[in-house]
Number of protein chains: 2
Amino acid sequence: MARANSSHRPPGRPRSSVDAVVFEATLRTIHELGYTRATVDRIAAAAGVAKTTIYRRWPSKGELITACLVDAFGALPLTGTDREKDLATAIRWGAAKIGEPGVGAAFAGVFTDAVSDPALRRVLATRLQDPYRRALQEALGEPENRVLFIIDVVVGTLLHRMGITGEPMVDDDVDTLVEMVQRLLR
Amino acid sequence: MARANSSHRPPGRPRSSVDAVVFEATLRTIHELGYTRATVDRIAAAAGVAKTTIYRRWPSKGELITACLVDAFGALPLTGTDREKDLATAIRWGAAKIGEPGVGAAFAGVFTDAVSDPALRRVLATRLQDPYRRALQEALGEPENRVLFIIDVVVGTLLHRMGITGEPMVDDDVDTLVEMVQRLLR
DNA sequence: TCGGTATCGATACTTGAGGTAGCGAAATGG
DNA sequence: CCATTTCGCTACCTCAAGTATCGATACCGA
C-alpha cells in the first residue's frame, strides 16, 4: 500500500499557483458577461492563462465552476448552540454569498447544466450540497429530509429571484424568508 | 391604420396545424433526453416536421419552449372568494404541472437560459409570469411585491427540488410548502 | 551539470448545437 | 392560372466545449 507522504514532491515541473487567479477571473467574467458568454476561452484570457491549463486542472467547465463556488462559499459560520439563530445565520449568509458579483449567476448556471448532466449533478451534490446539509443537520438537529426541504426553499428562492431580476434579494425579503423558514423548527 | 379584420384570410398557403404536435414532441423529447440534449433538430424529428418549420413559427429555442410551457400550464383554477384556498390551489396546481413529464425540466432549462439572455427573460416574464402574477394579485388581494415573493418561493423551491432529484416533490413536502406560504397571508 | 518528468503557452482541430439561406414543391385564394 | 405563402430539404455559418500536439520551461535527483 502506497504511503501518503505529504513531504514527497512528485517529479516534473510543479503547477504554477494560479488557482485563485482563475477563480477570481471566472467570477469576474461571469459577472461581466453572464454565464453563457463566459466561455472557457474568455475565462482563460481574463486569468492570463492558456485554456489548456484550465482543462489540465478541471476536467470540464462545470467542475471549474463548482470548484470556484466551493472556494467562494467557504464554511458556514454556525454556533451549534442556538438553532433559530443558526438557521437565520445560514439563510442570511447564503443570501449574501449569492449576492456577491458573479456568484449567483455561476450557481444558477452550473445548477441548470447539472439538470441534464448526471455526472455534474453528483459533483455538485458531493462537493457543494452535502457539506452544508451535514453542517445544518448537526446544528439544527433536524432529520435529513427536513434539512433538504429547507435547502430547497432557501436556495431555490434566492436563485429564482436572482435569475428573474438579475439582482440579489433585498433585505426585507430575506427577513421574511428567515421568519418563514424559522417556523418550521417550532 | 390597418384594420384588424379577423375574418380576412391572408394570401398564400396556410400553415399546417402542427403546433400541438410540436408542443407534445418538445415535452416528450425533453422528458426522454433532458433539456440540453433535446435539440431543435431532435424535436423537429420527433414531431415529424422540418427544423425550418419550427424556426418559421418560433424565432428561437427559448421562445419555442416558452410557448410550449404557456400551452402546458394553461389557466390557474382560482375561485376568487377564498384567499387561503386559492393560494393552496395555486401551489398544488403548480407542483402538479411541474411534475408532469418534461414540464419541470423544460421550465428549469429555459429559465436558466434566460439568466444570460435579457430578451428571453422579457418573453418569459411577459408571457408566463405576468398572467399568473396578476391572477394571484387579484385573487389574494396582496401587493405586487408580496405576490412576487410568493412566486419566488413556490416556483424556486419546486424547480430546485426537480433539478436536484429529477423527481417531482412528494405530497408531504408540498403540504409543508402550502402551510408555510399560507402563513404569509395572516 | 545533466537527464527525467510534468507543466507551461500556443495553435490547430473535432464535435455538436443554434440559427440562416435558398431551393423546388405544394396549398390556398382570386 | 397566377400570386403568395408555407412546406421539406440540404447546405451552410457561428460559436463553444473539449482534445491533441509541440517546443519551451521548471523542478528533482544523480
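As the structure is a computational prediction, the values presented were derived from the model and not from experiment. Labels below follow one simple rule: chain letters A, B, ... track the order of the sequence lines, proteins then strands, and each chain is numbered from 1.
- Each of D:dG18, C:dG18, C:dT7 was ranked by its minimum atom distance to the side chain of A:Lys61; first place goes to D:dG18.
- Rounding to the nearest 0.5 Å places CZ of A:Arg134 at 9.5 Å from CD of A:Glu144.
- Across the interface with DNA chain C, nearest-nucleotide mapping of B:Gly62 and A:Thr53 shows A:Thr53 to be the residue nearer the 5′ end.
- When side chains are defined from C-beta on, A:Ile65 counts as touching A:Ile30, because their heavy atoms get closer than 4.5 Å.
- For A:Phe73 and A:Phe107, the ring centers are positioned less than 6.0 Å apart.
- Under a cut-off of 6.0 angstrom, the local environment of CD in A:Glu100 is crowded, with over 12 non-hydrogen atoms contributed by other residues, nucleotides or ligands.
- As rounded to whole Å, 10 Å separates atom P of C:dA17 from atom CZ of B:Arg37.
- Side-chain N or O atoms of B:Thr157 include none that pairs as donor or acceptor with a backbone N or O of A:Gly156 at under 3.5 Å.
- Counting heavy-atom neighbours within 6.0 Å of B:Arg57 CZ, excluding the residue itself, gives a total above 12.
- Atom-to-atom, CG of A:Asp113 to C1' of D:dG18 comes out at 14 Å; the value is rounded to the nearest Å.
- Whole-Å rounding puts the B:Ile54 CD1 to C:dG19 P distance at 12 Å.
- Here the P atom of nucleotide D:dA17 and the CD atom of A:Glu63 are 15 Å apart, to the nearest Å.
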Exercise for review: Give the B/S/- string for nucleotides 20-30 of chain C, one per nucleotide from 5' to 3', where a protein heavy atom under 4.0 Å of the base yields B, of only the sugar-phosphate yields S, and otherwise -.
Suggested key: BB----BBBS-
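- At a threshold of 4.5 Å between non-hydrogen side-chain atoms, the residues B:Val178 and B:Arg92 count as touching.
- Looking at heavy-atom distances under 4.0 Å, B:Arg57 makes contact with sugar-phosphate atoms alone, never a base.
- The CD1-P distance, from B:Ile43 to C:dA17, rounds to 11 Å in whole Å.
- The interatomic distance linking B:Leu120 (CG) with C:dG18 (P) rounds to 13 Å, in whole Å.
- Protein atom CZ of A:Arg15 is 18 Å distant from nucleotide atom P of C:dT5, rounded to whole Å.
- Listed pair A:Arg42 / D:dA16 meets the phosphate criterion, a side-chain N or O lying under 4.0 Å from OP1 or OP2.
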